Amino acid sequence: MATQQATLAATGGGDSPKVDLKPLLTRLWPLGHPQPVTADEIAKAISYFFTNQVSEVQAGSLLMCLHFTGLDRQADVLARTATAMLKAAAQVDALALRSVVEKRGRREGAYDGGLCDIVGTGGDSHNTFNISTTSSILASSLLLISKHGNKASTSKSGSADLLNCMQPLAPQISRVRPDTIARVYSETNYAFLFAPVFHPGMKHVAPIRKQLPWRTVFNLVGPLANPVDLPDTKASSDSTAPTTLLEARMIGVARKDLGPVFANALQLIGARKAMVVCGDEELDEISCAGPTLCWRLSPDPSTPQGTAVEHFLLHPSDFGLPAHPLSTVSPGKEPTENAAILTRILNGQLPDDDPILHFVLINTAALFVISGICEADTSNMGHGDDGAVIQERGPGGGRWREGIRRARWAIKSGEAARQWAEFVDVTNSFSD
């Protein structure tokens with residue numbers, strides 16, 4: 001492989017030896033080389049980024065080549081690169097995490113009590129409210145949430161920016177670390193995994209990305225590299241059971257052509273429950289304005305991958321809600337303003353017909369459906385639950401309206417607010 005044959009020139013000052021990517025770059029461009037570069041070679045080359053073993057010039061050149069050849073939008077490249085990124089991540093104690101997840105997880109319907117995530121690639125230019133972050137907090141009322149996020153790169157208010165502005169007390173997100181994450185879950189269903197803490201090698205990549213005017217492979221691979229996507233060493237032999245601690249996830253993409261790519265990449269990294277979504281407006285959420293293209297990944301023992309992908313459309317009406325123009329949910333506000341809106345949502349202070357609330361509810365409901373919890377034919381969520389399960393099925397066989405019922409309960413019961421408060425308290429109890 002070209003990267004393995006690369007020149008290793010030692011540098012002074014005790015640094016790791018630099019890796020020469022020229023042989024690989026030569027085969028990448030121009031197109032048509034008799035020895036095409038493989039996804040494994042690309043991932044191997046990128047792995048050297050995380051140890052600062054590639055010069056900025058060659059790192060930038062590789063990112064540019066991947067962008068302009070379209071290789072950074074191929075499923076195998078995304079999957080292998082995500083795997084390389086996870087190998088370089090700060091390592092979580094999987095056994096300790098599994099132990100607390102097993103004790104705390106709520107098994108209901110087809111949900112096995114594992115960790116879940118909801119995340120978008122960003123870059124859709126719509127500047128909508130922080131939907132996935134808010135939905136992740138609401139979903140923690142019933143699911144164990146591992147929300148992987150960062151500060152803004154293409155919008156005014158990234159997930160970390162939003163949480164850092166929460167009042168009256170913000171969580172200390174940088175204190176959620178591999179050595180504290182199990183303790184977080186001993187107190188709450190919610191954890192925010194701040195990307196710079198869990199992917200420290202990305203500090204070598206950030207200056208290069210900032211100097212490039214194009215989105216790179218890292219804009220796409222981040223949602224596939226949740227640091228708790230760890231093999232479950234005690235996973236059941238049941239082919240429909242989760243094989244990693246990250247049981248279910250929903251990923252929003254900002255381009256329709258990326259939907260099947262991400263679905264395939266998820267299969268390649270071993271995901272069993274997932275849905276990739278793209279609003280018809282090229283929105284990286286389930287749209288509140290009209291149709292959303294969906295690619296749902298479900299266990300299927302009859303296939304070689306053990307999973308099957310179903311493509312369908314979702315509309316707000318499938319959730320029992322009206323459509324709202326994106327202009328009503330795209331205020332483009334600063335993080336402090338969005339934090340105030342999030343607080344009002346958690347406190348049940350938005351009207352039941354508020355467009356932003358509906359936008360959040362449909363995305364929360366979708367994560368509930370994907371997790372499998374909506375497959376339960378009985379319901380005993382707690383105070384305020386009337387137990388009236390909505391068994392009606394919509395596109396893709398999902399109980400989308402049941403998801404809405406549960407999402408509304410998360411707010412009205414105060415359970416989402418309670419889980420959030422516990423997260424704030426436990427993170428502020430940790431030392432730096």
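Values in this document were obtained by computation on a predicted structure and should not be read as measured data.
With K151 contributing its side chain and A160 its backbone, the two residues share no donor-acceptor pair below 3.5 Å. T180 places a side-chain N or O within donor-acceptor distance of the main-chain N or O of R175, the cut-off being under 3.5 Å. Checked by atom type and distance alone, the side chain of S186 pairs as donor or acceptor with a backbone atom of R183 at under 3.5 Å. A donor-acceptor pair under 3.5 Å is absent between the side-chain atoms of S317 and the main chain of G320, judged by distance alone. Judged by distance alone, with hydrogens and angles left aside, the side-chain atoms of K147 form a donor-acceptor pair with the main-chain N or O of I118 at under 3.5 Å. The backbone N or O of L66 lies less than 3.5 Å from no partner atom in the side chain of W29, so there is not a single donor-acceptor pair. No donor-acceptor pair closer than 3.5 Å links the side chain of R106 to the backbone N or O of L143. Looking at R249, its side chain never comes within 3.5 Å of a backbone N or O of V276 through a donor-acceptor pair. The closest donor-acceptor contact from the side chain of T427 to the backbone of F423 lies under 3.5 Å. A distance-only check finds a donor-acceptor pair linking the side chain of N189 to the backbone of S140 [under 3.5 Å].
The closest side-chain heavy-atom distance from F192 to P171 is not below 4.5 Å. With a 4.5 Å cut-off on side-chain heavy atoms, Q267 and L297 count as touching. Side-chain contact check for L224 versus T83: every heavy-atom pair is 4.5 Å or farther apart. With a 4.5 Å cut-off on side-chain heavy atoms, N150 and P196 count as touching. Side-chain contact check for L63 versus F49: some heavy-atom pair is nearer than 4.5 Å. Residues L28 and L71 form a side-chain contact, since some pair of their non-hydrogen atoms from C-beta on lies under 4.5 Å apart.
When all heavy atoms are compared, the tightest approach of A79 to A265 is CB-O, 3.9 Å. Closest of all the heavy-atom pairs between P316 and P322 is CB-O, 3.7 Å. Residues S287 and I362 approach most closely at O-CD1, 3.4 Å, considering heavy atoms. Between R296 and G396, the shortest heavy-atom distance links the atoms NH1-O, 3.8 Å. Of all non-hydrogen atoms in W409 and S141, the two that sit nearest each other are CZ3-CB, 4.0 Å. The minimum heavy-atom distance linking L268 with D76 is given by the pair CD1-CA, 3.7 Å.
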Begin with the C-alpha distance, continue with both residues' side-chain angles, and end with the deciding distance and a verdict on side-chain contact (heavy atoms from CB on, under 4.5 Å) for V261 and V253. CA-CA 10 Å; V261 173; V253 295; over 6 Å; no

Show the numbers, then the answer: is there a side-chain contact (heavy atoms from CB on, under 4.5 Å) between E187 and D425? CA-CA 9 Å; E187 300 295 332; D425 288 346; over 6 Å; no

Before giving the answer on side-chain contact (heavy atoms from CB on, under 4.5 Å), spell out for N130 and I341 the whole-Å C-alpha distance, their side-chain angles and the decisive distance to 0.1 Å. CA-CA 10 Å; N130 297 86; I341 295 172; over 6 Å; no

What do the steps show when you test I145 against Q419 for side-chain contact (heavy atoms from CB on, under 4.5 Å), and what is the final call? CA-CA 10 Å; I145 297 294; Q419 295 297 336; over 6 Å; no

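Taking the charged nitrogens against the carboxylate oxygens, R393 and E375 do have a contact shorter than 4.0 Å, which makes a salt bridge. Using a cutoff of 4.0 Å between basic side-chain nitrogens and carboxylate oxygens, K44 and E41 are not scored as salt-bridged. Ion pairing between a basic and an acidic side chain is recognised when a charged N comes within 4.0 Å of a carboxylate O; E402 and R406 show such pairing. Using a cutoff of 4.0 Å between basic side-chain nitrogens and carboxylate oxygens, R215 and D72 are not scored as salt-bridged.
Here the CG-CG distance, from L293 to L258, works out to 12.0 Å after rounding to the nearest 0.5 Å. Rounding to the nearest 0.5 Å places CG of D284 at 11.0 Å from OG1 of T292. With rounding to the nearest 0.5 Å, the separation of CZ in F194 from CD1 in I173 is 4.5 Å. How far CE of M64 is from OG1 of T216: 12.0 Å, rounded to the nearest 0.5 Å. Expressed to the nearest 0.5 Å, how far OG of S99 lies from CZ of R104 amounts to 13.0 Å. Separating the CE atom in M381 from the CD atom in E415 is a distance of 10.5 Å, to the nearest 0.5 Å.
Below 30°, between 30° and 60°, or above 60°: for Y190 and W420 the angle between ring planes is above 60°, a perpendicular geometry. Ring planes of W214 and F68: perpendicular class, angle over 60° (limits at 30 and 60°).
Within the structure, the ring pair (Phe, Tyr, Trp, His ring centres under 6.0 Å) test picks out the following pairs touching residues 274-300 (sequence neighbours left out): W295-H311.
By the 6.0 Å contact criterion, NZ on K256 is enclosed, its count of non-hydrogen atoms from other residues, nucleotides or ligands being greater than 12.
For F312, there are no ring pair (Phe, Tyr, Trp, His ring centres under 6.0 Å) partners at least two apart in sequence or on another chain.
Between the side chains of R405 and S379, at least one donor-acceptor pair of N or O atoms lies under 3.5 Å.
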